[in-house]
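One structure is given below, encoded as structure tokens.
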Amino acid sequence: MSDFLSALFPAEKNIPPQFNVGPYLEQREYLINGKLRTWAGTVNPVSSPVFTNEGGSYKQKVIGSTPLLTKHEALDALNAAVAAYNLGQGEWPTMSVLDRISHVEVFLGKMKEKRAEVVKLLMWEIGKPLKDSEKEFDRTCDYIVDTIKALKELDRSSAKLSEDQGFMAQIRRVPLGVALCMGPFNYPLNETFTTLIPALIMGNTVIFKPAKYGVLLIRPLLEAFRDSFPPGVINIIYGRGRDTVGALMETGKIDVFAFIGTNKGANDLKKLHPKPHRLKSILGLDAKNPGIVLADADLDNAVSECVLGSLSFNGQRCTALKILFVHKSLADVFLRKFMSEISKLKLGMPWDPGVNITPLPEPGKTDYLNDLVEDAKEKGARVMNENGGARAHSFFYPALLYPVNSYMNVYHEEQFGPIIPVVPFDDPEEAIQYVVNSNFGQQVSIFGNDSKQISRMIDALSNQVGRINLNTQSQRGPDSFPFNGRKDSAEGTLSVADALRVFSIRTLVAAKATDTNKKIIGTIITNRESVFLSTDYIM
Ligand code: G3H
């Protein structure tokens with residue numbers, strides 16, 4: 001137990017009042033069929049990664065609790081979503097695009113009123129720094145605005161008839177059915193809403209189960225969801241995955257499965273669906289993105305991008321750089337500069353100004369990280385930086401490990417935390433082979449200057465991962481870019497525009513271009529007799 005890390009935890013009285021989480025938040029409400037129900041059963045305590053110093057002893061702060069619903073409530077939510085979809089005949093799936101957009105706009109307005117509450121809970125539930133928590137909230141609002149823009153654009157391009165080979169047709173995107181949306185703890189608002197909002201706006205009805213941590217922060221939005229959408233269109237449940245979502249999948253009534261988490265979790269749930277061909281999955285899963293620092297890289301840039309890439313939000317980003325391959329000729333300087341940057345990082349509580357490294361929310365996480373470090377040390381690596389791997393309660397001081405090799409667990413496992421494994425190489429082919437043979441395929445970052453060598457790397461890696469970053473850390477944004485992965489890293493592609501596509505299917509009305517058919521179609525359009533067959537243009 002490191003005293004200097006323990007000392008970072010505040011006494012209760014020293015928590016700035018504007019950031020204090022306030023009284024115990026006992027949440028008993030959940031949303032089914034347009035009503036907030038009150039749960040009378042057992043609850044799940046919500047422990048913050050923040051400990052408080054009580055006269056020299058440290059106590060993990062329990063900030064509230066959430067309902068531990070059962071299979072029965074989960075199935076109630078499903079029945080509500082199934083009824084609201086009504087085999088595609090419900091009010092929501094048949095509503096005009098413009099009307100659905102206005103419901104989402106109402107929601108966005110109400111959501112913005114809850115910014116301060118949600119941001120505070122992001123800090124307390126998952127330890128995300130204030131600035132990043134604000135960014136997560138604002139980025140999510142921007143994403144909703146961009147989604148509306150993209151849908152208007154999509155609708156405009158569908159507001160016309162096409163003619164080909166004597167046929168005339170109108171092609172539009174329509175919903176898929178009932179969607180189950182589940183997000184991750186590291187972006188419990190943003191990543192969840194990047195599937196939830198497109199699913200809703202395309203006319204699907206939704207069951208949303210918040211992540212394992214970062215659950216209470218959805219509570220301030222429950223009324224906004226209730227008041228912005230028709231009953232049953234959005235249903236929000238809580239509880240253990242195996243008790244709730246497992247039961248949903250077993251019914252075979254889930255049409256779309258949007259899940260951000262581990263590939264094991266996704267596989268286990270997908271297997272429960274009795275009609276796999278009727279289930280469309282959109283998955284964001286594990287990743288082990290490498291940063292490859294070539295011999296001629298601009299070291300200052302490479303180090304600063306790799307520090308950001310591996311340590312932003314304590315390395316708890318699916319897109320984080322989780323292993324660095326560094327050319328032997330620069331390894332010494334790279335490590336020295338990296339250590340110097342680590343020593344400048346500020347450790348503290350999520351609300352501390354300029355804080356970089358904060359406590360980790362997952363129980364047992366620091367033990368796991370410590371095991372990775374010990375395993376690497378036994379197999380020949382050293383912790384290069386002062387205090388590297390020191391820990392206290394939920395704090396873990398970043399550990400720069402060198403030289404790392406394939407015998408070590410940290411070479412293969414996704415640490416999802418502040419450990420930076422550095423592998424020295426002579427030939428870039430060693431780094432390429434790592435990516436080729438990996439079970440993951442999300443992104444890679446290449447640092448270098450020689451255009452020929454960079455081209456070779458790009459061409460060797462372009463069939464392996466979803467995004468190749470040049471002299472830049474790995475990341476999801478901007479949200480207009482496709483976000484995906486290969487192998488165990490993802491299924492489907494998300495971006496603002498792609499998400500609208502993955503939660504819908506193209507349907508068309510087609511006819512031989514005869515005079516009679518032209519007349520019928522013309523009448524329908526002129527008299528505005530159909531929502532689907534229409535050339536109305538959204539302004
Ligand atoms: O955890 C995965 C997130 O989508 C990463 O997003 O690269 O913008 O931090 P980011």
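First listed ligand is number 1; within each ligand, the first listed atom is number 1. We use all heavy atoms of the structure for the numbers below, so side chains are in, but hydrogens, waters and symmetry mates are not.
Remark: ligand 1 atoms within the under-4.0 Å shell around heavy atoms of Asn186 are 1 (O). Close contacts between ligand 1 and Gln475 involve ligand atoms 7 (O) [criterion: under 4.0 Å to a heavy atom]. Residue-ligand proximity, Cys318 to ligand 1, at heavy-atom distances under 4.0 Å covers atoms 1 (O), 2 (C), 3 (C), 4 (O). If you number the atoms of ligand 1 from 1 as listed, the ones under 4.0 Å from a heavy atom of Arg476 come out as 4 (O), 6 (O), 7 (O), 8 (O), 10 (P).
A search for side-chain contact (heavy atoms from CB on, under 4.5 Å) contacts involving Pro363 returns Tyr213, not counting sequence neighbours.
Note: Phe416 and Phe185 have perpendicular aromatic rings, judged against thresholds of 30 and 60 degrees for the angle between ring planes.
Looking at Ser474 next to ligand 1, no N or O pair under 3.5 Å apart turns up.
Using a cut-off of 4.0 Å between Lys/Arg side-chain N and Asp/Glu carboxylate O, Lys344 and Glu341 are scored as salt-bridged.
Judged by the 6.0 Å distance and 45° axis criteria, Lys128 is positioned over the aromatic ring of Tyr187.
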Checklist line | Check against salt bridge (charged side-chain N to carboxylate O under 4.0 Å, His left out), Lys288 and Glu414 | finding: CA-CA 6 Å; Lys288 182 91 179 167; Glu414 180 181 18; over 6 Å; no
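Nearest protein neighbour of atom 10 (P) of ligand 1, counting heavy atoms only, is Tyr187 OH, 3.5 Å. Nearest protein heavy-atom contact of atom 3 (C) of ligand 1 is Glu191 OE2, 3.3 Å. What sits closest to atom 5 (C) of ligand 1 on the protein, heavy atoms only, is Thr319 OG1, 3.2 Å.
Taking the six-membered ring for Trp and the full ring otherwise, Phe51 and Phe395 have centroids separated by 6.0 Å or more.
Nearest to atom 8 (O) of ligand 1 by heavy-atom distance, out of Gln443, Arg139, Gln442, is Arg139.
Evaluation of the ring pair (Phe, Tyr, Trp, His ring centres under 6.0 Å) test over residues 110-131, restricted to residues two or more places apart or in two chains, returns Trp124-Trp351.
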